[in-house]
Structures are given as C-alpha cells and as structure tokens.
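Starting off with a structure, shown below.
Note that these values count all heavy atoms, side chains included, but never hydrogens, waters or copies made by symmetry. Proteins get letters first, then strands, A, B, ... in listed order; numbering begins at 1 in each. Remember, predicted model here, so these are calculated numbers, not experimental data.
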Amino acid sequence: MSSNLLNKGYEPHNVEEQWYEYWIKEKLFSASEEGSEKGYSIVIPPPNVTGVLHMGHALNNTLQDILCRYKRLRGENVLWMPGTDHAGIATQNVVEKKLAAEGRDREQLGREKFIEAVWEWRSESGSAIINQLKRLGASCDWDRERFTMDEGLSKSVRKVFVQLHKEGLIYQGNYIINWCPRCNTALSDLEVEHEEQEGQLYHIKYPFENGKGGLVVATTRPETMLGDTAVAINPDDERYNNLKENNVVLPLVERIIPIIRDKYVDTEFGTGALKVTPAHDPNDFEIGTRHKLENIKVIGDDGTMTEEAGKFKGLDRFKCREAVVNTLEKEGLLVKQEPHDNSVGHCYRCKTIVEPNLSRQWFVKVKPLAEKAIAAVEEGKTKIIPENWTKTYFDWMYNIKDWCISRQIWWGHQIPAWTCQDCEKVTVSMETPEKCSHCGSANIVQETDVLDTWFSSALWPFSTMGWPDKTPLLEKYYPTSVLVTGFDILFFWVARMMMMGLHFMDEIPFKEVYVHALVRDEHGKKMSKSKGNVIDPLDVIEKYGTDAFRFTLAAFAAMGRDIKLSEDRVEGYRHFINKLWNAARFALMHLDSEEGKEYKTIDSKGISLPDRWILSRLKTVTGSVAEALDSYRFNEAAGTLYQFVWHEFCDWYIEAIKPILYGKHGEDQQNATKNVLWHVMRDILVLLHPFIPFVTEEIWHKLPGTKGSIMRAVYPDDNHDSEGIVQDPDSEEMMEMIIEIITAIRNIRGEMNIAPSLSLDVVLQPDDNRTMEIIKEHEELIVNIARLKSCKTGLNADKPSATATAIIKNTTIFVSLSGIVDFAKETQRLEKEISKITKELVAISKKLNNEDYISKAPEHVVNKTKEKHENCIEKQEKLEVTLKKIKEMGG
RNA sequence: GGGCGGGUAGCUCAGUUGGGAGAGCACCGGCCUUACAAGCCGGGGGUCACAGGUUCAAGCCCUGUUCCGCCUACCA
C-alpha cells in the first residue's frame, strides 16, 4: 500500500525526464497515416537551428501541445510535424563568427568547405532547441523531424522555383532593393525593421547653369546627392510657373542635371523641389524610370563611397555625409539645417542601417499568388483567429509588392539557374544541366545566390509531408487542421504559406490560423538582451517545473492580449500543481489499491449530496473546458479547471466526504463515495493532462484501476453517459445552500475573533418546511465543516439568549456566544450588514419603481429582481430586529 | 499618414448574445483543523480613462476626446 502513496510535496525533476522517455518508448506521439481515426495535424513553426528556446517558442509550443494532447485524448489521429529552419543569414553569421574566432573567414575556406563547416556546426549544436522543446513536453512526432535543408525539402524548393520560373512568376531584374552592407546581401522588404530616428533635414541650393539663383532641395541624406541625376518639381506647382531654366548644376560634382516635372513631388514639402537619386531611393528610382534618367551608384555594397563619388571615394557613407555637409557649408550652398525625424531601415539580423541600392536580383511576382490567398480567407476556407488579424492580413495582401528572394550568402538553397557564358541566356532546371538550353554551349555557370530562407519555409506544410511525391501522409493530413503562430510572422510566413500552398497543392495549407500574443516582461516591455529583462524558459522550468510553467502560459493566454510574465506568477501556479498533488495524495490514502479493482458505474441513488454535487459540477466543467479548447480560449479552460480543482474539489468536496471516508456512515456509503472520488480524480487528471502532462501522468500511474499511459485515457466527455455522471441541478442547489450556511457561520467566527478550536452551538431557523428538511438531512455536514458542538434546526427552534446572527436566503442562523459575546463587536457587524443590504435595496427599488423597466424588460429579469427585492427586505427586517435586541442586551 | 489593441481593485489581468463587477497576487486579522504552512478560515479595497448618445437597463453598443503600446507606409 505504501508504494502507492505520494511524497508530501511534488518534485518535478524526478519525474519529467522519466515520463518523456516513456512516451517516446511507447510511441505515443506517433501519427499513423494508415489509421482510420479522424486525422488532426499541425506543423510546427520551425525554430531556427541557431536558436535557443525563448518565451515565444515556449508559449507557441505549449499551446500546440495542449491542442495535440487534447485531440489525442478525444481519439483523433494526431500528427504534430516537427522540424527546424536553416535560417540562412543567422546561421551563416554564427558560423562566420566561429571562424573569425579562429582567425579565419569564409572566403579563405571557399564555398564548399564553408558549407561543410555549417553542416558540421549543425550536427554539433543544431539540435539544442529540439532538446529544449522536449523539456517543454512537446509531443511532436519526432521520427518525422524535418529540416529545411534536407534533401527532400530541397527538392521541393527546386521544383517550386523551376515551376514558378516557367510560369513567369519568378524573374530576374535590376531594381532598388534593401542592401545590408554588413551581411553583404539583399533583403526583402519584410526583413527591414524601421525605426524612428532623430535626424537633420538639410536644405541645399542647386544653382542654375547661368549662376543666377537656383533651386533649394531638402534631404535627410545629403551624401546621396553625389548620385543625383535630376531635380524634380510638380508641374502644378504655381511657384515654378515662370521657371525658365531647364538645368541646375549639381554642387560638389559640377554635373549639369535636368529639372524635370513629375506629379509625385509633394508641393507641401519644403520648397517643392526634390533631388532625384535613382540608384539610392526606391521612389527616385521610379521617377528615374519614368524620365529615363541615368542611375549613378555612389554608395558601394560595402557601405563606402564608389568611384562615382569623386573626391569622396572610399569614405564610409556616414562619414561622407559629414564631409558633404561641411563642404556645402564652406561653399555657402547649405541654406539651412533643421531637426527632422524620419524612420530608418535596419537589417533584422544584424541591426545595421540598410542601404537602398540598385542591384540585379531575383524576384517573385506575388500579385497572382496573393489573389488566391486573399480569396481563400474571404471565402472562409481558412479562418484566422482572432478575427481582427484578418484585416491585417488583407491589408498586406492587397498592397503586396514583388518579393526579392535572392541572397548573396552561401548557406541556403542555391538558385537552380545557370547562365551561359556564350549566349548570356539563363537555363533554369530541376536537374543540374550539362549545357545551355538556348544555345547548347557547355560553358554555363550556376547562379551563386541562394534563396531567402522564407522561400523554403513557405512550403513547410506540404514539403514536410513528402511533396512533390503523392504520399499517404499528404493524403491524410493536408490541409493541416490549424497553424499556431505569433503575429510577428503573419506576413513572413503565414501569408506566404497560403500563397504557395494554394498554388502548388491547389488547396489551403491550414483550415484555421490561431494567432497568439507575444510574451513580455511583467511591465509589458518586450524581452530583450539589451534591456536585461529576458526570462529564460529553461531557468523557469528548472526552478518551478515544466507543468507549472505551462499552466501559467495557458492561464495567461487570453486571446488578442500580450502575456506579461513574471516568475511570481509561475510560482503561484506551482502551488496549484502542488495542490493537485496533495489532493491526489489524499485520494490515494483512501482508495483501495488492490490491482484490477473495478470502479463501477455510479448509482445516483446510493450516494451522498457532496457526491452528487461534485459529479454534477464535473459534468459541467468538462463541457466548458472542451468548449473553451475547441475555440482556442486556453485561459478560460485553464481557469475553469483551476477553480474547479482547488475551490470545489479540494475546498468543499474533500472536506465534505471525510466523515464518510472515515467510515462514519457505514461501509456501503464509504464504498460508494470512494467510487465517486475515484471517478472525479481520474477525470480531473485527464482534463488537466493537456496542460500539465508530467504530473498528471505521474499520478495516473499511482491511481489504482488505470492501465498504461494517461495519454491513452478516454476524454471524460466521451464516457460520462455510460458511467452515470450527469448534471444534477437539485444537488447543486442544495449544496449551495449548505455552503452558504457554513460560510455564514465561518464569517461570524472570523469577524468575532472566535478561535477555530472552539466548537460552537448553532441554531438554524429555516423559513419553510422544504428548507428545513434539506438542512436536517445534512446537519452533520454543517456540524463537521463549520466545527460545531451542536446544531439545532427547527421552524421555531429556541434560540440561545446571547447570539451572533446571520441571515441567508430562507434561513436565519444563530450562533450561540454565551460567555464570549462582544456586544459592541456584534453591533458593529450587524450595522455593516444592514448598510450593505440597504444600499442594495435602494438600487433594486429604483429599478422596480420604474414603469418602463417593468413593462419593457424581459419577464424573467423582472421576476429575478422582484425576488431579490423580497429577500432583501426580509433580510433587512430580520437584521434590524436582531440589532435592536443586541443593543438592548448590551446597553 | 493609415491600421490594430489597450486604459476595470495597490499590481497583473478575466469579463463571448447589454440585466450579479470578478480572479490571482499583494494587504489586514485568525489558525500546525490527521492531503497540502507551496496550506486552511475570514476581511477590506473599484465614478470599469474622460465626455456625450442609444436603451427600461451600458464595463459591454455608437460618437468624440485623451493617454499608452504595437504593426504598417514610396514621411525629400
């Protein structure tokens, strides 16, 4: 028997690893594409291989795990597809740093060796984050783990590239792109983070050719003037109606550049004259295209000035800005300089200021793809939850621009395009070609650029399932049931998966997208290393256990709201885990432990009121939890269970059945209650398992009458009917009344400072026979829980002379205080009660005196108010009488 | 510039067809009551940002104001 008893406190460290291994060994996370059960699938948002688990991952994966475990318990055949992302730039940075520490760089190594070094690094440390996900309890089907650089996924990438190219949706072109001079690569628009910065607006005079006067332009980036090839004014700008000049002289370089007229120019801004630098500004580039202007690149890819910058050549772009301003000032061409805020783009990987640069890159023409992705959401094929995000999704999709997919790095999927050295045409192909498809020359060279990492992530839902082959896995699990993700990658990832999924599978990639919040620190600030407010999930797990951590995340995962996390909160929920543990400990002390003991279907006639009540509550709670989980209201599901387990099961049910378990009501009653206790305990564990898998599994194995893993249990909702667990409103009403009486007595005890050790004599005076019968039947319950010496119940029961009085619906409660009564205190207490009730009465009366209310409000609302009114009046009268007597006695 | 979210107890936040203002933590008081002091019992505390409107009735719906946060933009 003792082997089944639990320790006094729950120690997570002893059990977590053991159960995780057990689950793996029993293949409890494995999906089966052959199984006949309903399929449920989620693909994990693949973390970067370079990553370490942060709070975002923890929340994201906890929620997915809750869903997967819940669905499994409901008998569905769950596939949770795990894997990692090769994270091109980030990973390359990491390995380059490592090389630098050894005094080497990638150029020395060469492409091939460098890539070998990355793979080597990956096999050494690339699975760190996977192990961390396991610590979190993630029930992914690990046998199917994928990596975006795997052979299979690389094949998908190639196939997609080749087909899109054939369809004309991938093209190569010379455009302004975002260039990171530190990473030395192009970036997509999304990979640029804009940040508002204090800057200066410089007003510069561009003299006319004849030397008389000139135009004043304003710019925040004076260094780009070296590449100006025009000055533009708005044709409707009346100030320039009489302008005769056609050219200005570009200062510092002395180039003659035209004055052009373009409607793009904002007449409201500055002087209405705009310098045009087509090689270094996206807008200017478009103006330049319209007016066939020359593109002069003055800032090089390394961030220093080019040959074209003349005497400024070789200067860093920001040093050059100073130098240009100084020179202009000396020459008297700097008209004025004023503070001006503008937003500056930074590389999302290294935070370097991004340079808009003219460059030849590969692009995806996304408009046609976006149209399908928009339609799918409009038609409700894919539902975004919460719905607010739908608007954001549409906004972005409607304004989408072509996607720059080439990166000038080595780590990634090399673009399957070969340029002919003879005819200069490009061959794009699945298999490495031997010769140019245009002229047949064997003199072909493969594109050195690799693809944006998000290009391969966009294929994740189907590439991981074996596409382009037609696999049983795709057959069963695509489209996936839901995608769980943070809003920060809604565009990066979700939108692109939608586009690619619809284009290549001709089917949405997921039926629902659940967008969860960000985890912030306790003050609502974003966690960041520089702020030093980062909480490491692994530290939290170490300190409080995985279950407490997971439950905290779930409890705070209210829709559409960020989660502010602090360790104190996790500590609070650790108390809950421990409470559960101790409740189980109590149950195990009383349940019979012989193996194979069968707990029977419950016979509602043979059980006590607390038994009936807790079963009824269990039934209701089960329904609410399932409903909440089905609609992604994790916090509500967690909150409901917390309340039920702690404040109903522990606080009332366990206390109430103690006498029965101690045998005071005979063996039949004792066995019946044990049976109920077992059922409730079992169901609590199953209901909680998706949230707190470890502790529930641990207790499950100690609970008699269970077999194997809790993961194979039946979800309560699915067997309540056959076990006789039903809703029972009568029992709830009666139990609530008993609870109210006990609480009222406890209140008197507390307020009158009566020691808990002192047993009290109580007289109960019900208003009617039915109430009296109910109370009489459960008098012992009241005596035990309220710690009474005696309890007399009767419609006209004699009340003791010195008492404290409480009035609840249908019953007056007299607590005998002979010898210990404190009149002043009791007077005070009663006055407080009266003032409370009077206040309430005023509000209710006001309502009932309102004719419109009586006539227009629904009948059941009015009746409820009337009933309350009567109760209040009655209670008030009784309290007044009591108070009068006390005053007489005390006075 | 556009969009989204938020302002409810000292703190962090729930509040899903408009009809009872709630939870956890913190605080105050009392308890070693044979599962649990990581606990038990009791208690105090809020003009639901502000101003209007709709309604018999508004934390909830509408309008405006204000403060905070985030996203987005071809803001010289």
Side-chain angles (χ1 to χ4, degrees), chain A residues 5-6 8-10 176 194 196 201-203 217-221 224 232 264-266 269-277 281-287 340-343 356 388-389 391-392 395-396 399 401 487-488 490-491 517-518 520 522-526 555-556 558-566 568-569 571-590 631 633 635-636 639 642-643 650-651 654-655 658 662 743 746-757 785 787 840 847 850-858 860-862 864-865 868:
Chain A
L5 288 181
L6 305 178
K8 201 167 172 181
Y10 174 59
I176 289 271
H194 290 274
E196 198 78 1
L201 187 65
Y202 302 91
H203 296 250
V217 299
T219 180
T220 52
R221 306 188 55 210
T224 63
Y264 168 79
V265 181
D266 180 2
F269 194 95
T271 59
L274 168 73
K275 65 188 271 309
V276 183
T277 324
D281 183 284
N283 298 312
D284 292 7
F285 179 78
E286 281 178 26
I287 296 172
H340 181 84
D341 291 348
N342 71 335
S343 79
N388 322 18
W389 291 106
K391 197 178 156 74
T392 310
D395 280 354
W396 189 72
N399 300 310
K401 280 181 298 179
F487 58 78
D488 49 335
L490 192 61
F491 306 143
L518 250 45
R520 300 173 179 282
E522 57 189 312
H523 307 292
K525 300 268 181 255
K526 217 170 175 170
F556 282 97
M559 251 190 232
R561 197 143 183 165
D562 287 343
I563 296 178
K564 289 175 198 160
L565 193 81
S566 74
D568 289 352
R569 294 193 189 168
E571 191 177 350
Y573 284 102
R574 180 179 60 167
H575 295 172
F576 174 68
I577 306 293
N578 198 53
K579 187 75 182 175
L580 172 71
W581 179 260
N582 275 293
R585 190 164 168 255
F586 173 83
L588 291 173
M589 289 170 99
H590 292 94
S631 46
R633 298 194 307 260
N635 63 317
E636 208 176 291
Y642 182 97
Q643 157 72 23
C650 292
D651 287 353
I654 288 184
E655 292 308 320
K658 276 179 179 172
Y662 292 142
T743 304
R746 281 171 168 176
N747 172 285
I748 289 172
R749 208 187 261 281
E751 301 242 317
M752 304 296 281
N753 281 334
I754 303 166
S757 52
I785 302 182
R787 295 177 164 268
E840 205 179 334
K847 263 190 185 177
N850 184 338
E851 274 180 37
D852 283 332
Y853 175 75
I854 303 290
S855 59
K856 288 181 184 169
H860 72 275
V861 174
V862 176
K864 211 169 134 190
T865 311
K868 213 181 199 178

(request) Considering only atom P, compute the distance from B/U8 to B/G44 and round it to an integer number of Å. (result)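 That atom pair is separated by 23 Å.
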(request) Give a yes or no on whether the backbone of A/Thr743 and the side-chain of A/Asn747 come within a donor-acceptor separation of less than 3.5 Å. (result)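 Here the side-chain-to-backbone pair does not exist.
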(request) Quickly work out the A/Lys275 NZ to B/A76 P distance and round it to whole Å. (result)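 Rounded to the whole Å, the gap is 11 Å.
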(request) Measure from the side chain of A/His340, starting at C-beta and using heavy atoms only, and say which of B/C75, B/C71, B/U12 lies closest. (result)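 Nucleotide nearest to A/His340's side chain: B/C75.
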(request) Measure the shortest side-chain to side-chain distance between A/Leu490 and A/Trp396 over non-hydrogen atoms and say whether it is less than 4.5 angstrom. (result)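 No - every pair of side-chain heavy atoms lies 4.5 Å or more apart.
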(request) Let me know which of A/Asp284, A/Thr277, A/Asp281 forms a side chain to side chain contact (heavy atoms under 4.5 Å, CB included) with A/Thr224. (result)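 Passing option: A/Thr277.
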(request) Have a look at A/Tyr264 and say if it touches a base, only the backbone sugar-phosphate, or nothing, with a 4.0 Å heavy-atom cut-off. (result)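 The residue A/Tyr264 makes base contact.
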(request) Evaluate the side-chain proximity of A/Pro282 to A/Lys401: yes if any heavy-atom separation is below 4.5 Å, no if none is. (result)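 They are not in contact (no side-chain heavy atoms under 4.5 Å apart), so the answer is no.
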(request) Round to a whole Å and report the spacing from CG of A/Asn342 to P of B/A76. (result)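 To the nearest whole Å, that distance equals 7 Å.
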(request) Report which part of the nucleic acid A/Glu636 touches: base, sugar-phosphate, or nothing (heavy-atom distance under 4.0 Å, all strands). (result)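 Touches a base.
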(message) What is the separation between atom CD1 on A/Ile754 and atom P on B/G43, rounded to the nearest whole Å?
(response)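 Taking CD1 of A/Ile754 and P of B/G43, I get 14 Å after rounding.
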(message) Can you tell me the base-pairing partner of B/C70? Count Watson-Crick or G-U wobble geometry only, both distances below 3.5 Å, and say none if there is no partner.
(response)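 WC or wobble partner is B/G3.
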(request) Write down the distance separating the P atoms in B/C41 and B/C60, rounded off to the nearest Å. (result)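 After rounding to an integer number of Å, I get 35 Å for this pair.
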(request) Considering only atom C1', compute the distance from B/C4 to B/A76 and round it to an integer number of Å. (result)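 It works out to 29 Å between them.
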(message) Which is more 5' along RNA chain B, the nucleotide nearest A/Pro282 or the one nearest A/Thr743? Just name the residue.
(response)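 The 5'-side residue here is A/Thr743.
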(message) Regarding A/Thr220, tell me which of base, sugar-phosphate or nothing describes its non-hydrogen contacts under 4.0 Å with the strands shown.
(response)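 A/Thr220: backbone/sugar contact only, no base atoms under 4.0 Å.
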(request) Please state how far atom NE2 in A/His194 lies from atom C1' in B/C70, giving the value in whole angstrom units. (result)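 Those two atoms, NE2 and C1', are 16 Å apart.
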(message) Partner lookup for B/C48, please. Criteria are Watson-Crick or G-U wobble with both distances under 3.5 angstrom; report none if nothing qualifies.
(response)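 Pair assignment: B/C48 / none.
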(request) Look at the aromatic rings of A/Tyr642 and A/Tyr573 and report parallel, tilted or perpendicular, splitting at 30° and 60°. (result)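 A/Tyr642 vs A/Tyr573 ring planes: perpendicular.
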(message) I need the CZ-P distance between A/Phe491 and B/C71, as an integer number of Å.
(response)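 Those two atoms, CZ and P, are 11 Å apart.
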(request) Report, as a single string ordered 5' to 3', how protein heavy atoms within less than 4.0 Å touch nucleotides 32-37 of chain B: B base, S sugar-phosphate only, - not at all. (result) -B-BBS
(message) Let's test this: given Watson-Crick or G-U wobble pairing with both distances under 3.5 Å, identify the partner of B/U34.
(response)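 Pairing partner, where one exists within any strand: none, as none qualifies.
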(request) Using Watson-Crick or G-U wobble geometry with both distances below 3.5 Å, tell me the partner of B/A9, or none. (result)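 By the stated definition (distances under 3.5 Å), nothing pairs with B/A9.
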(request) Determine the Euclidean distance between corresponding P atoms of B/A57 and B/U72; express it in Å to zero decimal places. (result)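 Comparing P positions in B/U72 and B/A57 gives a spacing of 44 Å.
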(message) In whole Å, measure the gap between the P atoms of B/U65 and B/C71 for me.
(response)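 Result for the P pair: 25 Å, nearest Å.
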(request) Please tell me which of the listed nucleotides, B/A76, B/U12, B/G3, lies nearest to the side chain of A/Phe556? (result)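 That would be B/U12.
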(message) Ignoring hydrogens, what is the shortest heavy-atom contact between A/Leu201 and A/His340? Give both atom names and the distance.
(response)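 So the minimum-distance heavy-atom pair works out to CB-CB, 3.6 Å.
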(message) Does A/Glu196 have more than 12 heavy atoms from other residues, nucleotides or ligands lying within 6.0 Å of its CD?
(response)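 Counting neighbours around CD of A/Glu196, more than 12 heavy atoms of other residues, nucleotides or ligands fall under 6.0 Å, so yes.
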(message) Could you tell me the Watson-Crick or G-U partner of B/C75, where both distances fall under 3.5 Å? Say none if there is no partner.
(response)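 In the structure as shown, B/C75 has no Watson-Crick or wobble partner.
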(message) What's the gap between B/G59 and B/C48 when it is taken at their P atoms, as a whole Å value?
(response)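 Each nucleotide's P atom is 7 Å from the other's.
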(request) For A/Arg574 and B/G39, give me the distance from atom CZ to atom P, rounded to whole Å. (result)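 Rounding to the nearest Å, CZ of A/Arg574 and P of B/G39 are 10 Å apart.
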(request) Provide the distance between the two P atoms, one in B/G5 and one in B/A21, to the nearest whole Å. (result)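 My reading of the P atoms in B/G5 and B/A21 gives 28 Å.
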(message) Taking B/G45 as the reference, what is the distance to B/G22 when you measure between their C1' atoms (whole Å, please)?
(response)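 Between the two C1' atoms, the distance is 13 Å.
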(message) Main chain of A/Arg574, side chain of A/Asn578: is a donor-acceptor contact present, judged purely on distance under 3.5 Å?
(response)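 Absent.
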Could you write out each protein N or O paired with an N or O of nucleotides 18-23 of chain B at a distance under 3.5 Å?
none

(request) Identify, between A/Phe576 and A/Gly572, the residue whose nearest nucleotide on RNA chain B lies closer to the 5' end. (result)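 Looking at the nearest nucleotide for each, A/Gly572 comes out on the 5' side.
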(request) Measure across A/Gly272 and A/Val265 and return the closest heavy-atom pair with its distance rounded to 0.1 Å. (result)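 Smallest heavy-atom distance, with atoms named: O-CG1, 3.3 Å.
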(message) Need one value for A/Ser343: base, sugar-phosphate or nothing, where a base atom within 4.0 Å counts as base even if backbone is also close, heavy atoms only.
(response)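 Result for A/Ser343 = base.
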(request) Evaluate the side-chain contact (heavy atoms from CB on, under 4.5 Å) criterion for residues A/Arg746 and A/Arg787: first the C-alpha distance (whole Å), next the side-chain angles of each, then the deciding distance (0.1 Å), finally the verdict. (result) CA-CA 9 Å; A/Arg746 281 171 168 176; A/Arg787 295 177 164 268; over 6 Å; no
(request) Using whole Å, report how far CD of A/Glu751 lies from P of B/G43. (result)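 Atom-to-atom, A/Glu751 to B/G43, this comes out as 6 Å.
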(message) So which atom in A/Ser343 and which in A/His194 form the shortest heavy-atom distance, rounded to 0.1 Å?
(response)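 The pair with the smallest heavy-atom distance is OG-ND1, 3.8 Å.
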(message) Can you give me the closest heavy-atom contact between A/Ile563 and A/Phe556, atom names plus distance?
(response)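 Residues A/Ile563 and A/Phe556, closest heavy atoms: CG1-O, 3.3 Å.
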(request) Please state how far atom CD in A/Glu571 lies from atom P in B/A38, giving the value in whole angstrom units. (result)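 That distance rounds to 10 Å.
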(message) Less than 4.0 angstrom between a side-chain N/O of A/Asn388 and OP1 or OP2 of B/G5, yes or no?
(response)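 Answer yes for this pair, as a side-chain N or O of A/Asn388 is under 4.0 Å from OP1 or OP2.
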